[in-house]
Amino acid sequence: MTAADATTPGARVPGSVGVIGGGTMGAGIAHVFAAAGARVAVVESSPDAATDARRRIENSLGRAAERGKLPATVGMVLDRITVLADIAHLPAQLDLLVEAVPERAELKTSVLSAAEGAIGPDTVLASNTSSLSISELGAVLESPSRFLGMHFFNPVPASKLVEIVLARETDGGVRDRVVAWVRGLGKTDVVVRDSPGFATSRLGVMLGLEAIRMLDEGVADAEAIDTAMELGYRHPMGPLRSTDLVGLDVRLAIAEYLHRTLGERFAPPQLLRDKVARGELGKKTGQGFYRW
Ligand SMILES: NC(=O)c1ccc[n+]([C@@H]2O[C@H](COP(=O)([O-])OP(=O)(O)OC[C@H]3O[C@@H](n4cnc5c(N)ncnc54)[C@H](O)[C@@H]3O)[C@@H](O)[C@H]2O)c1
């Protein structure tokens, strides 16, 4: 499947958006929708987590304002955002609700079920999962036809792409609304069929795993492997540096899932397992394939 067909309506911004989970991704998603003019409600798991989420959103908006990338003042955008500590307090009249809690299937399905109970019948429900099956997550819903994957990238405000993942059950009208909203954010959509890792994670993880195997075999050092892809293939960032930014633990979890669902070619290299076991998780711990 490719980008949306000619019947797709033009770019539009939803009036009201909910985001469940105000972490790295949820904060960025709240930022971009509010900056585009939507009212945004972010749900966190506790009052303390809600305070942290609000600080993350403020920091994200502050960074955008410093770089001249915010179309209004930080205060004006923040006024459109509320952060809640209970999913039951979500406004029912939302155009879109995006789930962005950690990548654990059982957590996502329980959150999606609770979300469906809190929203009206016309709200589009999306997951920001980077690899899990949209059909399987949607199986817990009473109306899976309103559900799809809306895969944003990190950092959300600066990333141009949103990968839209359609399950067999996803309604075509829902797809068209989401495509229009992605374009309303000034981002580019690619529409893909639900399959493990979609298009982006499947290719990105494969490249990262092969780079780790090459490092382990002594083909070249990390800097050389990354430079080869950056200058030779014009990738903006080499696969090992990119793994450090994403987090080695996150990459390992996705590779294990792709190994189970797509087969041996995604078997995680021992070097990746060893580094995760030692707590060398990349930039967030100061040590991955590079020292940060
Ligand atoms: N970080 C990335 O680079 C990236 C990129 C694309 C997609 N994703 C996907 O986005 C999702 C979120 O990832 P992240 O990096 O933002 O994680 P994160 O850990 O930074 O944030 C998750 C947030 O969810 C909150 N949360 C946990 N349980 C909750 C609940 N029951 N109700 C409400 N909030 C709850 C946590 O408090 C936390 O703030 C994952 O599915 C991940 O695979 C991540």
Side-chain angles (χ1 to χ4, degrees), residues 18-32 40-60 82-90 97-119 125-134 136-137 140 147-165 182 187 190 192 196-205 208 237 241-258 281-285 288:
V19 182
I20 311 177
T24 307
M25 297 305 291
I29 294 166
H31 165 158
V32 295
V40 179
V42 179
V43 183
E44 261 293 346
S45 50
S46 69
D48 283 352
T51 305
D52 290 347
R54 189 157 187 95
R55 183 184 37 76
R56 267 191 292 275
I57 296 166
E58 281 178 22
N59 290 343
S60 179
T82 48
V83 185
L84 311 165
D86 187 344
I87 204 165
H89 296 154
L90 265 182
L97 180 57
V98 185
E99 168 280 307
V101 300
E103 189 82 343
R104 298 202 305 276
E106 70 291 351
L107 173 63
K108 286 190 184 284
T109 48
S110 84
V111 160
L112 287 166
S113 277
E116 195 176 35
I119 55 179
L125 197 48
S127 173
N128 186 48
T129 177
S130 30
S131 64
L132 300 174
S133 162
I134 295 300
E136 284 172 27
L137 293 178
V140 298
F147 181 59
L148 42 58
M150 220 175 159
H151 184 197
F152 288 84
F153 292 81
N154 186 17
V156 179
S159 301
K160 293 298 287 178
L161 182 68
V162 180
E163 186 174 33
I164 297 174
V165 186
V182 167
K187 298 194 184 294
V190 290
V192 304
F198 320 132
T200 50
S201 300
R202 183 163 165 176
L203 282 173
V205 168
M237 189 186 295
R241 215 182 310 276
S242 159
T243 302
D244 267 10
L245 285 192
V246 170
L248 275 66
D249 52 336
V250 174
R251 272 285 159 94
L252 176 59
I254 298 176
E256 284 174 332
Y257 174 73
L258 295 179
L281 306 183
K283 189 176 181 192
K284 61 188 166 189
T285 60

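Whatever order the structure lists ligands and atoms in, that order sets their numbers, starting from 1. In this text, all values refer to a predicted model and were calculated from it rather than measured experimentally.
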Of the protein's non-hydrogen atoms, which lies at the shortest distance from [atom], and what is that distance?
{"atom": "atom 15 (O) of ligand 1", "result": "T24 CB, 3.8 Å"}
{"atom": "atom 2 (C) of ligand 1", "result": "M25 SD, 3.7 Å"}
{"atom": "atom 21 (O) of ligand 1", "result": "G23 CA, 3.2 Å"}
{"atom": "atom 30 (C) of ligand 1", "result": "S45 CB, 3.8 Å"}
{"atom": "atom 28 (N) of ligand 1", "result": "L107 CD2, 4.0 Å"}
{"atom": "atom 11 (C) of ligand 1", "result": "V101 O, 3.4 Å"}
{"atom": "atom 26 (N) of ligand 1", "result": "E44 OE1, 3.9 Å"}

Ligand 1 to E99 polar contact by distance, N or O atoms, under 3.5 Å:
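No, E99 has no N/O under 3.5 Å of an N/O on ligand 1.
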One residue to check: F152. Relative to ligand 1, which of side chain, backbone, both or neither has a non-hydrogen atom less than 4.0 Å away?
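Backbone only; the side chain of F152 stays clear of ligand 1.
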D52 and ligand 1 - part of the residue with a heavy-atom distance under 4.0 Å
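Neither part.
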Is it true that a side-chain atom of [X] and a backbone atom of [Y] form a donor plus acceptor pair closer than 3.5 Å?
{"X": "E163", "Y": "T200", "answer": "yes"}
{"X": "R56", "Y": "G22", "answer": "yes"}
{"X": "E44", "Y": "V83", "answer": "no"}
{"X": "S60", "Y": "G28", "answer": "no"}

Search all heavy atoms of [X] against all heavy atoms of [Y] and return the closest pair with its distance.
{"X": "H151", "Y": "S201", "value": "CE1-OG, 3.7 Å"}
{"X": "V101", "Y": "K108", "value": "O-NZ, 2.8 Å"}
{"X": "D244", "Y": "G288", "value": "OD1-CA, 3.3 Å"}
{"X": "L137", "Y": "A105", "value": "CD2-O, 4.1 Å"}

Does atom 17 (O) of ligand 1 have a protein non-hydrogen atom under 4.0 Å from it?
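Within 4.0 Å: no protein heavy atom nearby.
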Counting heavy atoms only, which of V43, V111, N128 is nearest atom 10 (O) of ligand 1?
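Going through V43, V111, N128 one by one, N128 has the nearest heavy atom to atom 10 (O) of ligand 1.
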Find out whether P196 and Y257 are in side-chain contact, i.e. whether some heavy atom of one side chain is under 4.5 Å from a heavy atom of the other.
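Result yes, sub-4.5 Å side-chain heavy-atom pair found.
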Taking a cutoff of less than 4.0 Å between a non-hydrogen atom of the residue and any ligand atom, is [X] in contact with ligand 1?
{"X": "V246", "result": "no"}
{"X": "H151", "result": "yes"}
{"X": "P102", "result": "yes"}

Under 4.0 Å between a Lys/Arg side-chain N and an Asp/Glu carboxylate O for R55 and D52?
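Looking at R55 and D52, the cut-off is met.
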